[in-house]
Amino acid sequence: MWRCRPRAARWAGSGLRYNFDPVPDYTPQTIETKWQQRWTETGAFEVDVDRSRPKFYCLEMFAYPSGHAHVGHVRNYMIGDVVARLKRMQGFNVLHPFGWDAFGLPAENAAIKNKLHPETWTLDNIAYMKGQLQRLGISYAWGREIATCLPEYYHWNQWLFTRMYEKGLAFRRRSNVNWCSSCQTVLANEQVVDGGCWRCGTIVTQRELEQWFLRITAYADELLQAAEGLTDWPEKVLTMQRNWIGRSEGARVKYPLVGIDGQVVDDTIEVFTTRIDTIYGATFIVLAPEHPLVDRFASESADPSQLRAQADRFRKQDRLARMSGGVEKEGFDTGRTAINPFTKQPVPVWVANFVLGDYGTGAVMGVPAHDERDFEFATKYRLPITVVVQRDGDPLDEMNLPESFADEGTLVHSGEFSGLASAEGRARMSAYAEATGIGERTVQFRLKDWGISRQRYWGTPIPMIYCDGCGVVPVPDADLPVPLPRLVEFSGRGDSPLAQIPEFVNVACPTCGTPARRETDTMDTFVDSSWYFYRFCDPTNGSAPFDPKKVGYWGPVDFYSGGVEHAILHLIYSRFFARVFRDLGMVDHDEPFARLLTQGMVLKDGNVMSKSKGNVVDPDDMIRKFGADALRLYVMFVAPPEKEVEWTDAGLEGSFRFLARVWRFVDPLTTTLQGQGIPGLAGLASLSGDEKALRRKTHDTIRRVTADFYPRVHLNTAVSALMELVNEMYAFGEKAGVTKQGRFADEQLVIERGETRAVLKEAVEALLLLISPFTPHLAEELWERLGHADGVVAAGWPVFDEAVAKADEVEIAVQVNGKVRGRVVVAADASEDAIREAALAVPQVVPHLEGKTVRKVVVVPGRLVGIVAN
RNA sequence: GCGGAAGUGGCGGAAUUGGCAGACGCGCUAGCCUCAGGAGCUAGUCCGGGCAACCGGGUGGGGGUUCGAGUCCCCCCUUCCGCACCA
């Protein structure tokens, strides 16, 4: 009989009390530990190349080992795991690896603060977070684990860097770079968010430094074009990438410069414009304060310091405000003039704070009549405004122009080009410029080359040597890796820590052998993460980053999930690196990630979880209270994976209750549902109506879960279908008399009727297999208790049988003039005529037809009948 | 300003192609079972009217297409996200 066991003690301290008096108990903690151990011991998720099976590469963005993962972090791993486990059951050879993005500033900052070496800090964190993932039951091939801070990994960063150097894709340049004073290092453009550091938010300033760059712009056009083919990426990410790359077609035009004597034309100012059709209206030239001519003009002017001071002031203006238009347009006249090559008229050359030094040529032609910014500037400084594009239909009043007209129109006052439409004007004028050598058509990108030098310790040493005799010399492959030296003082000062280690810096030149110096900057950690997905295919290769044959089998990643915050960082860098490897002949695809899913964040009290806000939910706490399976199920059920979710304890409790409900139903049946005497279902003609209905529900659930799962990844609705099946099983138990008030009469239950056992067995087994990607521990445990020795993967994904799922009869709705007035049950295979007849005879429908003529009857088989009457 | 996504019960969210709006869960209510219930089982739960069968309204607002619109088209409002002086 029922044993009544108050179980409050188990929950002591958790703030929750549950007693489950009727055994059996669902005790996730013991089950989960058991299965996790078994998976580890048997290497259950390790895989190898197997060309006899289709592969599936399932990857979640690897983790920065920051300390402890919270549920916001682990949601992503759960999503990937559910997909990986499904694909395994569907017979795919699934590569599902994990690793650590282990270089980076926090380790170094922690070292400064806690007097702990970054490596110790990092490896400790990795150990802890790996444990967290294992406690969640994520099915990783841990045998392939990588950590980017280990020489076995960063060796290949260095190797690739020297390949890129050889191909001219890595180069050194002195330029203005983004500087974060808090992180004490340079940032790439992608890493500046709203004018601040992507990591700490500190406002970024400009510094001129000699830096290493990767020539991502060489692939700008291809990266843009190929985005069209990424049909399984979120549109949002593609849009962000397109905007970031920022392609614009236009022309560069040279304005001959009038010399200081006012006569001699000795040089040119080149401008970039997308609107060469407006060039007759260019009444001035504006240089960016950073433009090299500014300094020259100053030198040549009567009062050099005055000019320089003004330009300096612009340069020092808040970059964020200057970039976002938050600063009022200001400028000054350099006193010089240039010749508009189309009008042959002299135009003044100004310097203004709204012109960007690092876009185009750093100089623009001012066309106030047809550009909003130029209009504002010309109005302020009383520069001439000339209309050269006339609005069609509603002509502009040239004498009194209230605002600029930036749209297309018909050219006027444009010499031989007058009368042309804007587009035609652009074509003819560009051709003219090219023919006369005053300009050329160009495509301008907003994307800049990727500055990767970092003045920090905890990163990949850049494998370059500076020799007074030979210049810049890459470290030969045979001398790689250049190991990161261990002994370092962490001062937190703003220079490269490696520069203070003479044993590191001083080196013989690989070419001539004379004393030389090593590069002391390290690489941006985004280099590490730009190709790690290839390393997973061959993680221990000691002679190459990876074996192309292995990447040929596993690549590209079939399903990649992670946060949107990497839309223009990691995801664009990786697309770049994939092409570099392709051009090195090492990979045979262009795009590294066939499908991308950007998972939504988990909020707590309306905020993103973060340690500093103190609102993190620790997965281990939840596992202790409810088990990893309940946590996984809840996170998958609460919303679609792409959506942001608000964490609720009550929701997690609900998922726990559901699993306990599964357990209470299935566990007592595990004896009676196995062994001899269960009739096969195929020849079962003697099923009761309830038994047939349960079979139908079972197969309908198989259909729904399978369809929701992949590629749709509607995981929340897949779970709800499983809940419906369980509800139906309980109802069936009552009706079949095997349960009373949801409880079985005996722990060692025996169900006499073979048909009942057969349909229950089918339902229970389907349920366990379908739920196993979500709650693998519970599924494996009950599956084993049902007498299966080989586990759910061996069993395979359940197969939907349409003949079983098909109902004999269906209820269809009957509408009269668009309103549902009644329902009628008809045979599933009834003819349209029969359905129509039945619908017109429905008692609730008849009154609505009284006194009216039926004009039309629309029959949608299986759905409804629409009657039009008036 | 430009671009993208989205507005559905008290809440999270369902609804392949236009076809019974609100599945499933949370919360709430009632009953059962209980020494007890904060456990379990069952039922109810969009709004208004009615004892009820039913009737009317209803997917941000307004128009439209259609036998039929949460879904398609046009206009508007709101929210979130991204970009933002890129010439």
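Predicted, not measured: the structure shown is a model, and the values here were computed from it. Letters go in sequence order (proteins before strands), and every chain restarts at 1.
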Using a 4.0 Å heavy-atom cut-off, does [X] contact any base of the nucleic acid, only the sugar-phosphate backbone, or nothing at all?
{"X": "Gly246(A)", "result": "nothing"}
{"X": "Ser248(A)", "result": "sugar-phosphate"}
{"X": "Arg661(A)", "result": "sugar-phosphate"}
{"X": "Gln815(A)", "result": "base"}
{"X": "Tyr730(A)", "result": "sugar-phosphate"}

Can you check whether any acceptor in the base of rG1(B) is under 3.5 Å from a donor in the side chain of Glu372(A), or vice versa?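 In this structure, the two groups form no donor-acceptor pair.
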Tell me: [atom1] of [X] to [atom2] of [N], nearest whole Å?
{"X": "Arg863(A)", "N": "rA15(B)", "atom1": "CZ", "atom2": "P", "answer": "13 Å"}
{"X": "Leu652(A)", "N": "rC24(B)", "atom1": "CG", "atom2": "C1'", "answer": "17 Å"}
{"X": "Phe732(A)", "N": "rU42(B)", "atom1": "CZ", "atom2": "P", "answer": "15 Å"}
{"X": "Trp233(A)", "N": "rG4(B)", "atom1": "CH2", "atom2": "C1'", "answer": "17 Å"}
{"X": "Asp649(A)", "N": "rG27(B)", "atom1": "CG", "atom2": "P", "answer": "11 Å"}
{"X": "Glu653(A)", "N": "rA39(B)", "atom1": "CD", "atom2": "C1'", "answer": "12 Å"}
{"X": "Arg855(A)", "N": "rU66(B)", "atom1": "CZ", "atom2": "P", "answer": "17 Å"}
{"X": "Lys735(A)", "N": "rU42(B)", "atom1": "NZ", "atom2": "P", "answer": "11 Å"}

One thing to verify: whether Arg252(A) and Glu270(A) come together as a salt bridge, which I'm taking to mean a side-chain N less than 4.0 angstrom from a carboxylate O. yes
Do Arg704(A) and Glu724(A) sit within salt-bridge range, that is, some charged N less than 4.0 Å from a carboxylate O? yes
Candidate nucleotides [options], ranked by approach to the side chain of [X] - the nearest:
{"X": "Leu356(A)", "options": "rU42(B), rC67(B), rA87(B)", "answer": "rA87(B)"}
{"X": "Gln741(A)", "options": "rA87(B), rC32(B), rG19(B)", "answer": "rC32(B)"}
{"X": "Met723(A)", "options": "rA87(B), rC24(B), rU17(B)", "answer": "rC24(B)"}
{"X": "Arg664(A)", "options": "rC41(B), rG57(B), rC26(B)", "answer": "rC41(B)"}
{"X": "Asn727(A)", "options": "rG68(B), rG25(B), rU42(B)", "answer": "rG25(B)"}

Of all residues at least two apart in sequence or in a different chain, which pass the side-chain hydrogen bond (donor to acceptor under 3.5 Å, both in side chains) check with Thr442(A)? none
Among residues at least two apart in sequence or on other chains, which ones pass side-chain hydrogen bond (donor to acceptor under 3.5 Å, both in side chains) with Asn716(A)?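 If we apply the side-chain hydrogen bond (donor to acceptor under 3.5 Å, both in side chains) test to Asn716(A), skipping adjacent residues, there are no hits.
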Quickly, which of Arg441(A), Glu249(A), Arg275(A) forms a side-chain contact (heavy atoms from CB on, under 4.5 Å) with Arg426(A)? Name it, please. Arg275(A)
For Trp233(A), which of Leu596(A), Leu597(A), Thr598(A) qualifies under side-chain contact (heavy atoms from CB on, under 4.5 Å)?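 Among Leu596(A), Leu597(A), Thr598(A), the one meeting side-chain contact (heavy atoms from CB on, under 4.5 Å) with Trp233(A) is Leu596(A).
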Could you classify rG49(B) for me, syn or anti, using a glycosidic angle within 90° of 0 as syn?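 The base of rG49(B) is oriented anti (glycosidic angle more than 90° from 0).
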For the [atom1] atoms, the ones on [N] and on [M], what distance do you get once it is rounded to whole angstrom?
{"N": "rU65(B)", "M": "rC75(B)", "atom1": "C1'", "value": "15 Å"}
{"N": "rG63(B)", "M": "rG19(B)", "atom1": "C1'", "value": "23 Å"}
{"N": "rA30(B)", "M": "rU17(B)", "atom1": "P", "value": "42 Å"}
{"N": "rC24(B)", "M": "rA14(B)", "atom1": "P", "value": "14 Å"}
{"N": "rG56(B)", "M": "rG60(B)", "atom1": "P", "value": "23 Å"}

How many angstroms lie between atom CD1 of Ile269(A) and atom CD1 of Ile285(A), to the nearest 0.5 angstrom? 6.0 Å
Given that Lys819(A) and Glu235(A) both sit by RNA chain B, which one's nearest nucleotide is further toward the 5' end? Glu235(A)
Checking [X] now: which residues fulfil ring pair (Phe, Tyr, Trp, His ring centres under 6.0 Å) with it, not counting sequence neighbours?
{"X": "Tyr381(A)", "value": "Trp350(A), Phe377(A)"}
{"X": "His714(A)", "value": "none"}
{"X": "Phe732(A)", "value": "none"}

Between Phe774(A) and Phe709(A), is the gap from one ring center to the other below 6.0 Å? yes
Under 3.5 Å, is there a donor-acceptor pair between the [X] and [Y] side chains?
{"X": "Thr717(A)", "Y": "Asp708(A)", "value": "yes"}
{"X": "Thr739(A)", "Y": "Glu734(A)", "value": "yes"}
{"X": "Arg446(A)", "Y": "Asn243(A)", "value": "no"}

Show every donor-acceptor pair shorter than 3.5 Å between a side-chain atom in residues 638-645 of chain A and any protein atom, with sequence neighbours excluded, or say none if there are none.
none

Consecutive-pair stems (at least three Watson-Crick or G-U pairs, under 3.5 Å) that include RNA chain B: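 Stems (3+ consecutive pairs) listed as B:1-7 with B:77-83, B:10-12 with B:24-26, B:27-32 with B:40-45, B:46-49 with B:54-57, B:60-64 with B:72-76.
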Tabulate atom names and distances for all N/O pairs under 3.5 angstrom spanning the protein and nucleotides 53-55 of chain B.
unit_1	atom_1	unit_2	atom_2	d
rC55(B)	OP1	Arg821(A)	NH1	3.4
rC55(B)	OP1	His848(A)	NE2	3.2

Distances under 3.5 Å only, N/O to N/O: pair up the protein atoms with those of nucleotides 9-14 of chain B.
unit_1	atom_1	unit_2	atom_2	d
rG12(B)	O2'	Val638(A)	O	2.8
rG13(B)	OP1	Lys643(A)	NZ	3.2
rG13(B)	O3'	Asn716(A)	ND2	3.4
rA14(B)	OP1	Asn716(A)	ND2	3.2

Angle class for the Tyr730(A)/Phe665(A) ring planes (parallel below 30°, perpendicular above 60°, tilted otherwise)? tilted
Does the plane of the ring in Phe272(A) sit parallel, tilted or perpendicular to the ring in Tyr359(A)? Use 30° and 60° as the thresholds.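 Ring orientation of Phe272(A) relative to Tyr359(A): perpendicular.
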Tell me which one of Tyr634(A), Phe656(A), Phe658(A) satisfies ring-ring contact (aromatic ring centres under 6.0 Å, His included) with Phe626(A). Phe656(A)
Here the side-chain hydrogen bond (donor to acceptor under 3.5 Å, both in side chains) pairs for residues 853-868 of chain A, sequence neighbours left out, are Arg855(A)-Asn870(A)
Between the protein and nucleotides 48-52 of chain B, list the N/O to N/O atom pairs that are separated by less than 3.5 angstrom.
none

Scan nucleotides 81-83 of chain B against the protein and return all N/O pairs shorter than 3.5 Å with their distances rounded to 0.1 Å.
unit_1	atom_1	unit_2	atom_2	d
rC81(B)	O2'	Lys236(A)	NZ	2.8
rC83(B)	O3'	Arg446(A)	NH2	3.2

Does OP1 or OP2 of rC26(B) have a side-chain N or O of Arg657(A) closer than 4.0 Å? yes
